[in-house]
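Quick note: numbers below take in every heavy atom, side chains included, and nothing from hydrogens, waters or symmetry partners. Atoms within a ligand are numbered from 1 in the order they appear, just like the ligands themselves.
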Amino acid sequence: MRVLVVGGGGREHALAWRLARDPSVAEVLAAPGNPGIAREARCLPVAADDLPSLVAIVEREDVDLTIVGPEVPLVLGLGDALESRGHAVFGPSAAAARLEGSKAFAKDVMHRAGVPTARSATFTRSDWADDHDRVLASLRDDLGGGPAVVKADGLAAGKGVLVASSTEEAAAAVEACLGADAFGAAGSSVVIEERLEGPEVSAFAFADGNDVVPLAFAQDFKRVGDEDAGPNTGGMGAYSPLPFVDEALSEAIATDVLERTVHRMAEDGVPYRGVLYAGLMLTPDGPKVLEFNCRFGDPETQVLMPRLRSEPAELFAAAARGELGSVAVDLLSEACVTVVLASGGYPGEHRTGFEISGLDAAAEVEGALVFHAGTAERQGRVVTAGGRVLSVSALGGSLTEARTRAYEASSRIAFEGMQHRSDIAAAVAGEERT
Ligand code: AMP
């Protein structure tokens with residue numbers, strides 16, 4: 001099979017790395033890829049959102065299966081563009097990708113499917129312009145008068161969510177979205193929902209339009225600093241499996257969340273194919289969905305791909321073709337931890353172009369894998385080229401061992417201004433029985 005991975009971050013490096021080790025894969029192509037991906041795949045200089053050029057690659061290179069990493073090309077319709085020309089694609093249509101691309105759409109599907117989620121109300125610009133008071137009354141009354149979360153409806157690069165501590169703060173966020181246009185088209189509607197409490201987990205599954213096959217759970221670390229200090233980022237680390245998610249909870253999430261969602265979408269005539277990634281909060285009243293994503297997570301993929309024992313190409317192709325049936329997904333029993341090495345200043349302004357040393361020494365640590373995210377090659381040297389630079393993963397017999405190895409490998413890497421969290425998987429590894 002000839003496969004194309006669309007994207008060029010740590011997630012896509014992990015996908016390309018795993019696909020390159022699948023005996024049924026003859027060649028891995030990547031667009032645009034990065035210097036790490038270039039060790040596993042033939043990289044083509046085409047941006048992940050350049051749909052016509054991506055379709056041209058698939059046709060010119062006889063690609064059998066396209067695996068789409070980021071959400072933007074899916075929301076723009078890459079799935080439709082390929083499928084309508086008869087090409088297999090692992091990733092949903094634009095209509096189904098609205099599950100991530102529109103929080104109001106996702107809420108509506110969940111509501112009609114009976115999927116447990118936070119109570120919410122959706123408002124448009126004209127609701128706000130016509131009647132501020134009605135929106136504010138909803139904030140106060142419909143949600144129980146407690147603290148609220150305000151979410152811009154569309155894709156806002158992770159910046160469209162405010163967890164407000166007071167009604168006033170929530171009202172100001174609604175005004176920023178609907179009145180002051182802070183998020184452009186992404187903020188033409190807002191979802192206001194009750195604030196939930198509890199640990200957050202990510203559930204990943206494959207869907208083929210009708211059937212759902214759960215993959216695994218992971219937890220990621222979104223804040224830049226230890227103990228969740230500082231601003232939100234794309235993700236500073238992750239680990240899998242989650243010792244506190246037992247079989248009963250995992251089954252409840254599979255049936256009450258993942259299957260209900262996919263079945264509802266099938267009945268609505270919007271079949272969902274690809275990865276279904278549910279962000280959940282484990283509340284005292286049971287698991288509730290915070291959001292859906294229509295693709296793999298970054299950096300969660302950097303702990304999922306190393307754990308995947310099943311060969312991925314046939315699995316992804318079966319999901320693309322609607323033939324998942326009851327295919328079983330096999331995982332290694334090992335745990336995996338990934339630590340993101342970021343540029344100084346990230347997620348704020350940061351400088352790039354610094355030489356990275358120690359990449360080979362890091363990869364020599366037992367169980368370690370170094371995935372590239374924001375890197376570039378200059379005169380044969382690998383330099384920093386983004387906020388999140390590398391994702392250093394390690395497998396181990398326990399989370400404690402995986403964590404020790406990931407940090408040992410990270411300590412061998414250096415570049416000017418490098419920062420990382422030192423507490424990825426620390427709390428859970430401390431509680432693990434060995
Ligand atoms: P989302 O993009 O919807 O996942 O929101 C981003 C982050 O905001 C989540 O990872 C949570 O930490 C937080 N969040 C979102 N919705 C809620 C909620 N209803 N209650 C508490 N925190 C939330």
task: First locate atom CG of L15, then atom CZ of F371, and finally report the distance between them rounded to the nearest 0.5 Å.
output: 9.0 Å
- prompt: If you measure from each heavy atom of E197 to ligand 1, is any distance below 4.0 Å?
  reply: no
query: What residue and heavy atom of the protein are closest to atom 21 (C) of ligand 1, and at what distance?
result: L196 O, 3.3 Å
- prompt: Considering only the protein, which heavy-atom contact is closest to atom 3 (O) of ligand 1, and what is its distance?
  reply: K151 NZ, 2.9 Å
Distance filter under 4.0 Å to R195 heavy atoms, resulting ligand 1 atoms: 20 (N), 21 (C)
query: Hey, is the main chain of L308 close enough, under 3.5 Å, to the side chain of R18 for a donor-acceptor pair?
result: yes
Carboxylate-amine/guanidinium contact R273 E83, below 4.0 Å: yes
- request: Name the closest protein heavy atom to atom 4 (O) of ligand 1, giving the residue it belongs to and the distance to 0.1 Å.
  value: E291 CD, 2.8 Å
task: Within a distance under 4.0 Å of any heavy atom of K222, pick out the atoms of ligand 1 and give their elements.
output: 10 (O)
query: What protein heavy atom sits nearest atom 17 (C) of ligand 1, and how far away is it?
result: L290 CD2, 3.5 Å
task: Could you tell me whether D108 and R112 make a salt bridge, using a distance below 4.0 angstrom between a side-chain N and a carboxylate O?
output: yes
field: Nearest-contact summary for atom 18 (C) of ligand 1 - protein heavy atom, Å
entry: V149 CG2, 3.5 Å
task: Starting from atom 19 (N) of ligand 1, locate the nearest protein heavy atom and write down its residue, its atom name and how far away it is, to 0.1 Å.
output: E193 OE2, 2.8 Å
- prompt: Are any of the side-chain nitrogens in R405 or E408 under 4.0 Å away from the carboxylate oxygens of its partner?
  reply: no
query: In terms of side-chain geometry, is the basic nitrogen of K103 or E193 positioned less than 4.0 Å from the acidic oxygen of its partner?
result: no
- prompt: Would you say K288 contacts ligand 1, with heavy atoms under 4.0 Å as the rule?
  reply: no
query: With under 30° as parallel and over 60° as perpendicular, where do the rings of F206 and F296 fit, or are they tilted in between?
result: perpendicular
message: For S240, run the side-chain hydrogen bond (donor to acceptor under 3.5 Å, both in side chains) check against E300, Q219, R307 and tell me which one passes.
response: R307
- request: Could you tell me which atoms of ligand 1, counted from 1 in the order shown, lie closer than 4.0 angstrom to a heavy atom of K103?
  value: 1 (P), 2 (O), 3 (O)
- prompt: Does R264 offer a backbone N or O that forms a donor-acceptor pair with the side chain of Y272 under 3.5 Å?
  reply: no
- request: Please report which non-hydrogen protein atom sits nearest to atom 8 (O) of ligand 1, along with the residue it belongs to and the distance in Å to one decimal place.
  value: V161 CG1, 3.6 Å
Atom 10 (O) of ligand 1 [closest protein heavy-atom partner, distance rounded to 0.1 Å]: E200 OE1, 2.7 Å
